[in-house]
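If you read the sequence from its start, that first residue is 1, and numbering goes on from there.
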Amino acid sequence: MHVLILGGTTEARALAGLLHGRVRVTSSLAGRVASPRLPAGEVRIGGFGGVDGLVEWMTGHAVDAVIDATHPFAERISFNAARAAATAHVPLLALRRPGWVPGEGDDWRSVGSLEEAATALDGLGDRVFLTTGRMGLAAFATCPQWFLVRSVDAPDAPMPARTEVLLDRGPFTLDGEREILARRRIDVVVTKDSGGAATAPKLTAAREAGLPVVVVRRPPVPEGVPTAASPEEAAAWVAATR
Ligand SMILES: NC(=O)c1ccc[n+]([C@@H]2O[C@H](COP(=O)([O-])OP(=O)(O)OC[C@H]3O[C@@H](n4cnc5c(N)ncnc54)[C@H](OP(=O)(O)O)[C@@H]3O)[C@@H](O)[C@H]2O)c1
């Protein structure tokens with residue numbers, strides 16, 4: 001059996017580790033990160049060339065099942081996977097880690113997009129900790145606030161006029177996040193609802209400091225695609241699909 005994992009996440013790497021040695025597994029990465037952490041098994045890097053390219057790749061490599069384990073905000077590839085799997089008659093599962101849930105003392109502002117997040121910043125202070133990644137900074141380009149932008153690789157323009165870039169890759173620690181908020185005198189944090197433990201400490205640090213967090217809601221999983229919440233659940237689905 002040949003399983004294609006559309007990856008780029010911690011969960012995708014964990015799933016490749018679980019499946020490696022039990023089935024043939026190929027992980028696909030978009031190639032956005034200069035030196036990605038590589039999963040076990042075979043790896044291919046770069047876009048497929050839309051739905052048609054993905055169908056062609058799956059057919060040409062005799063793929064029996066696809067797991068879309070991409071980031072919850074990687075909307076285009078998830079849409080393409082749904083279309084391609086239906087066209088090629090290959091079973092598809094979406095692996096999505098659960099989203100974050102606000103707790104006692106959290107001051108979260110839920111928004112539907114990065115553009116809405118930019119608007120929601122009005123009145124929340126001048127110093128913003130922006131943790132939504134290097135893509136999509138254009139949404140904040142005309143914002144007057146000062147931004148601390150944290151990303152794995154350096155972001156491209158356009159970005160806000162007053163920006164400092166902090167290159168770093170999770171997992172992040174609570175102590176580290178506390179220090180950033182305090183030393184950079186942050187007024188507000190912006191995040192996507194990525195879920196997972198690796199980047200959650202900023203939420204705890206913001207709660208402790210009494211800071212608001214603007215949280216971008218997730219796009220929906222494409223209609224009709226079953227989902228698993230953990231790599232173990234996805235591995236069980238593969239076993240049942242064999
Ligand atoms: N969006 C985020 O916040 C975020 C955060 C962390 C990690 N990531 C990871 O980074 C990658 C790119 O994210 P994105 O938001 O730019 O994706 P996207 O907007 O959904 O995808 C744009 C295009 O990139 C290519 N692509 C995306 N993921 C791919 C994969 N796993 N393998 C091969 N090609 C892929 C596809 O090109 P073709 O049409 O040419 O096939 C796709 O049409 C994803 O794999 C995702 O898991 C994203």
Trainee: Rounded to the nearest 0.5 Å, what separates atom CG in L95 from atom CD1 in I5?
Mentor: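 Between atom CG of L95 and atom CD1 of I5 there are 8.5 Å.
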Trainee: Should V43 and V66 be regarded as members of a common hydrophobic cluster, given that ILVMFWY residues are connected when their side-chain heavy atoms come within less than 4.5 Å of each other, either directly or indirectly?
Mentor: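 No, separate clusters.
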Trainee: Main chain of F129, side chain of R127: is a donor-acceptor contact present, judged purely on distance under 3.5 Å?
Mentor: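 No.
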Trainee: Could you tell me if T26 and H61 have a donor-acceptor pair between their side chains, going purely by distance under 3.5 Å?
Mentor: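 There is no such pair (donor and acceptor under 3.5 Å, judged by atom type) between the side chains of H61 and T26.
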Trainee: Using the salt bridge (charged side-chain N to carboxylate O under 4.0 Å, His left out) rule, pick out the option among R184, R207, R183, R150 that qualifies with E177.
Mentor: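 When R184, R207, R183, R150 are each tested with E177, the salt bridge (charged side-chain N to carboxylate O under 4.0 Å, His left out) holds only for R150.
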Trainee: Check this for me: does any side-chain nitrogen of one of D153 and R32 sit under 4.0 Å from a carboxylate oxygen of the other?
Mentor: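 Not counted as a salt bridge, because no side-chain N and carboxylate O are separated by less than 4.0 Å.
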Trainee: Within the distance-only criterion (no hydrogens, no angle test), does the side chain of R22 pair as donor or acceptor with the backbone N or O of L18 below 3.5 angstrom?
Mentor: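 Pair found, side chain donor or acceptor close to backbone of L18.
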Trainee: Kindly compute the distance separating CG (L19) from CD1 (I67), expressed to the nearest 0.5 Å.
Mentor: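 Output value for this atom pair is 6.0 Å.
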Trainee: Can you tell if the side chain of L93 reaches within under 4.5 Å of the side chain of T227, non-hydrogen atoms only?
Mentor: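 They are not in side-chain contact.
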Trainee: Measure the shortest side-chain to side-chain distance between V190 and V213 over non-hydrogen atoms and say whether it is less than 4.5 angstrom.
Mentor: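 The answer is no; the side chains never approach within 4.5 Å.
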Trainee: With rounding to the nearest 0.5 angstrom, report the OG1 to CG distance, T163 to L148.
Mentor: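 Atom-to-atom, T163:OG1 and L148:CG are 9.5 Å apart.
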Trainee: Where the side chain of W100 meets the backbone of A200, is there a donor-acceptor pair that is under 3.5 Å apart?
Mentor: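 Pair absent, no side-chain N/O of W100 close to backbone of A200.
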Trainee: So W57 and H2, would you call those rings parallel, tilted or perpendicular, with 30° and 60° as cut-offs?
Mentor: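 Ring orientation, 0 to 90° scale: tilted.
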Trainee: With a 3.5 Å cut-off and no angle check, do the side chains of D175 and T173 form a donor-acceptor pair?
Mentor: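 D175 vs T173: no donor-acceptor pair found between side chains.
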Trainee: Using modelled atom types only, decide if a donor and an acceptor are shared between the side chain of D193 and the backbone of R217 within a distance under 3.5 Å.
Mentor: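 No, D193 side chain to R217 backbone: no donor-acceptor pair under 3.5 Å.
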Trainee: Might you confirm whether atom CZ of R76 has over 12 heavy atoms from other residues, nucleotides or ligands at distances under 6.0 Å?
Mentor: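 No - once you tally the heavy atoms of other residues, nucleotides and ligands closer than 6.0 Å, there are 12 at most.
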Trainee: Between R97 (side chain only) and E11 (backbone N and O only), is there a donor and an acceptor less than 3.5 Å apart?
Mentor: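 No, R97 side chain to E11 backbone: no donor-acceptor pair under 3.5 Å.
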Trainee: Using 0.5 Å steps for rounding, measure from the CG atom of L4 to the CG atom of L92.
Mentor: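 Answer rounded to 0.5 Å: 10.0 Å.
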Trainee: Which distance, rounded to the nearest 0.5 Å, do you find between the CG of L114 and the OG1 of T132?
Mentor: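 Reported to 0.5 Å precision, the distance equals 5.0 Å.
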Trainee: Is it the case that R96 and S78 place a side-chain donor and acceptor less than 3.5 Å from each other?
Mentor: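 Yes.
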Trainee: Between D126 and R162, is there a side-chain N and carboxylate O pair less than 4.0 Å apart?
Mentor: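 Looking at R162 together with D126, the answer is yes, because their closest N to O distance falls below 4.0 Å.
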Trainee: Okay, side chain of S28, backbone of L6: is any donor-acceptor separation there less than 3.5 Å?
Mentor: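 Pair absent, no side-chain N/O of S28 close to backbone of L6.
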Trainee: Is there a donor-acceptor pair closer than 3.5 Å between any side-chain N or O of R109 and the backbone N or O of V215?
Mentor: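 Side chain of R109 to backbone of V215: no pair is present.
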Trainee: Could you tell me whether the side chain of V3 reaches within less than 4.5 Å of the side chain of V63, counting heavy atoms only?
Mentor: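 A side-chain contact is absent here, since even the closest heavy-atom pair is not under 4.5 Å.
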Trainee: On a heavy-atom basis, which atom in A16 and which in V25 lie closest, and how many Å separate them?
Mentor: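 So the minimum-distance heavy-atom pair works out to O-CG1, 4.2 Å.
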Trainee: Would you say CD of E42 has more than 12 non-hydrogen atoms from neighbouring residues, nucleotides or ligands within 6.0 angstrom?
Mentor: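 It does: E42 CD has more than 12 such atoms within range.
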Trainee: So, the side chain of T87 versus the backbone of R83: is there a donor-acceptor pair under 3.5 Å, distance only?
Mentor: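 Such a contact is found between T87 side chain and R83 backbone.
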Trainee: Ignoring hydrogens, what is the shortest heavy-atom contact between G50 and N80? Give both atom names and the distance.
Mentor: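 G50 and N80 have their closest heavy atoms at CA-ND2, 3.9 Å.
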Trainee: If you count every heavy atom of other residues, nucleotides or ligands that lies below 6.0 Å from R185 atom CZ, does the total exceed 12?
Mentor: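 At most 12 heavy atoms, drawn from other residues, nucleotides or ligands, come within 6.0 Å of this atom.
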Trainee: Once rounded to the nearest 0.5 Å, what's the spacing between atom CZ of R178 and atom CD1 of I180?
Mentor: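 If we round to the nearest 0.5 Å, R178:CZ and I180:CD1 are 13.0 Å apart.
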Trainee: Below 4.5 Å, heavy atoms only, C-beta onward: do V225 and D68 meet side chain to side chain?
Mentor: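 No; the side chains remain at least 4.5 Å from each other.
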Trainee: Test your reading of the model: is there a side-chain donor-acceptor pair from D187 to the backbone of V128, 3.5 Å cut-off?
Mentor: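 Absent.
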Trainee: Short question: side chain of D106, backbone of W108 - any donor-acceptor pair under 3.5 Å?
Mentor: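 Not at all, since once roles are kept as given, no pair shorter than 3.5 Å links the two residues.
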